[in-house]
Protein chains: 2
Amino acid sequence: MRIGELGAAAGVEVETIRYYEKRGLLPEPGRGANGYRMYAQTHLERLAFIRHCRALDMSLDDIGRLLELTAHPEAECRDVGRLIDGQLIRVRERLNSLHALERQLQFLRARCSSREQTGNCGILHELIAASQGEPCVCHSTEEKAKSRRICGSTGFYCKR
Amino acid sequence: MRIGELGAAAGVEVETIRYYEKRGLLPEPGRGANGYRMYAQTHLERLAFIRHCRALDMSLDDIGRLLELTAHPEAECRDVGRLIDGQLIRVRERLNSLHALERQLQFLRARCSSREQTGNCGILHELIAASQGEPCVCHSTEEKAKSRRICGSTGFYCKR
DNA sequence: AAAAACCCTGTAGTCGCTACAGGGTCAAGG
DNA sequence: CCTTGACCCTGTAGCGACTACAGGGTTTTT
């Protein structure tokens, strides 16, 4: 089948399929006389595998590692387990930080009465006071110290 | 103070500071005769404000909107509240999806006994079976349908 | 004086996609 | 047969929030 059919079968964009091939996750398919990619059922299964792992929020690098392990039956199951464990740890860490963040935002949200102008806005007061070194309601001292090491919005794939 | 001092005072990389300036979040500072940026206390406060909002996982665009509101005391407090509300919604949505993901990974993790080789690995069996169209333990039918619309790892800043 | 640290602008890269640009191929309809 | 629209190709660029150079100038430390 052609790339559009593969994409439709797996619910994946054509560009994403080409991206995975470029990344080495999907093997290069054969080509027709017109240069079009011709995919087999095995490609669909590989793509489904990848998408399944992506649904588990695994990085493409980790998925590549899993695929390597699949290709080597003598490798230990524990290596697979390690990848899943790593992912679980990351998920839990992110859950913790998001729970804290939710609490912080709720505190902050409670400061706004909706009827005032920003000159009297409790939220902005809090944010501005915090930027001037005063304690703020949305961060405890410990959490405030931690927030100095912002990791950005990417969560799982923090570079450091 | 120079950019390195500002960065040290706020716990921010020099490149990030320049990035914020390029993004228009930080006002351009004056320059010395040598072309070096010379920052005032107000810059430090603005930077702290930005970092505080980043700690609340707000996007730079939203932070820019907040700064605009700060600059216009006649604007309504409810506009600020709206930004925080939007952020709260995003945090909660992300929490929900991560909880589901944690459950899925736990199910999957339970399949690995650690002593086997990947040829008999329960995790891989699950992932491979799922890629071949069989039901899997880590996704209920409903969740599996949803996972076809993978949003990627960026969570908050999903384009669609 | 030399070396190290700091600064500058501009560019490129990370992650996982997504969206073109420019051009070729195929199938359906007039 | 011709036209049109859908599909395909490769290559490049962009998103968000940074981070890391490259190449060169300035300041501080040894």
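Every chain is numbered from 1 and lettered A, B, ... according to where its sequence line falls, protein lines coming before strand lines.
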Exercise. Quick one: side-chain contact (heavy atoms from CB on, under 4.5 Å) partners of E5(B), sequence neighbours excluded?
Worked result: M1(B), R2(B)

For this session: Keeping the roles fixed (side chain from H99(A), backbone from N96(A)), state whether a donor-acceptor pair exists under 3.5 Å.
Result: no

For this session: Would you please confirm or rule out a distance under 4.0 Å between OP1 or OP2 of dT9(C) and any side-chain N or O of R18(B)?
Result: no

Exercise. In Å, rounded to the nearest 0.5 Å, how long is the span from CG of L6(A) to CG of L26(A)?
Worked result: 7.0 Å

For this session: Round to the nearest Å and state the distance from M1(B) atom CE to dC7(C) atom P.
Result: 12 Å

Exercise. Atom CG of L26(B) and atom P of dA17(D): how far apart are they, to the nearest Å?
Worked result: 15 Å

Seminar exercise, completed: Between CD of Q87(B) and C1' of dG16(D) the distance, given in whole Å, is 14 Å

For this session: Identify whether the distance between the nearest side-chain nitrogen and carboxylate oxygen of D85(A) and R82(A) falls below 4.0 Å.
Result: no

Exercise. To the nearest angstrom, how far is D61(A) atom CG from dG13(C) atom C1'?
Worked result: 14 Å

Problem set entry | For R46(A), all residues meeting salt bridge (charged side-chain N to carboxylate O under 4.0 Å, His left out), sequence neighbours excluded | none

Seminar exercise, completed: Rounded to whole Å, CD of E13(A) lies from C1' of dC9(D) at a distance of 17 Å

Exercise. Between dC17(C), dC18(D), dT11(C), which one does the side chain of K22(B) approach most closely?
Worked result: dT11(C)

Exercise. Under a 4.5 Å cut-off applied to non-hydrogen side-chain atoms, are I63(B) and R51(B) in contact?
Worked result: no

For this session: State, with a plain yes or no, whether a side-chain heavy atom of Y39(A) is found less than 4.5 Å away from one of L44(A).
Result: no

Exercise. Hey, which of these two, Y19(B) or E15(B), hits DNA chain D nearer its 5' end, going by closest nucleotide?
Worked result: Y19(B)

For this session: Output all residues satisfying salt bridge (charged side-chain N to carboxylate O under 4.0 Å, His left out) with R18(A), sequence neighbours left out; order by chain, then residue number.
Result: none

Exercise. Closest heavy-atom contact between L69(B) and V80(B)?
Worked result: CD1-CG2, 3.6 Å

Exercise. R23(A) and D61(A): salt bridge (charged side-chain N to carboxylate O under 4.0 Å, His left out), yes or no, with the steps?
Worked result: CA-CA 9 Å; R23(A) 283 288 302 252; D61(A) 278 352; 2.9 Å; yes

For this session: Pull out every residue in residues 27-45 of chain A that has a heavy atom closer than 4.0 Å to any atom of DNA chain C, ordered by number, or say none.
Result: N34(A), Y36(A)

Exercise. For the atom pair CG (L25(A)) and CD1 (I17(A)), what is the distance rounded to the nearest 0.5 Å?
Worked result: 12.5 Å

Exercise. Please give, in whole Å, the distance from dT19(D) C1' to R54(B) CZ?
Worked result: 14 Å

For this session: Taking only the side-chain nitrogens and oxygens of R23(A), find out if one of them lies under 4.0 Å from OP1 or OP2 of dT14(C).
Result: no

For this session: For the pair Q87(A) (side chain) and D57(A) (backbone), establish whether a donor and an acceptor sit closer than 3.5 Å, ignoring hydrogens and angles.
Result: yes

Exercise. For dT18(C), does either OP1 or OP2 sit under 4.0 Å from a side-chain N or O belonging to T16(A)?
Worked result: yes

Exercise. Please give, in whole Å, the distance from dG16(C) C1' to Y20(A) OH?
Worked result: 7 Å

Problem set entry | Five-pair end axes of the helix from dA1(C)-dT30(D) to dG30(C)-dC1(D) and the angle they enclose, rounded to 10° | 20°

Short heteroatom pairs, N/O only, protein and nucleotides 27-29 of chain C, under 3.5 Å:
none

For this session: Please state how far atom CG in D57(B) lies from atom P in dG16(D), giving the value in whole angstrom units.
Result: 15 Å

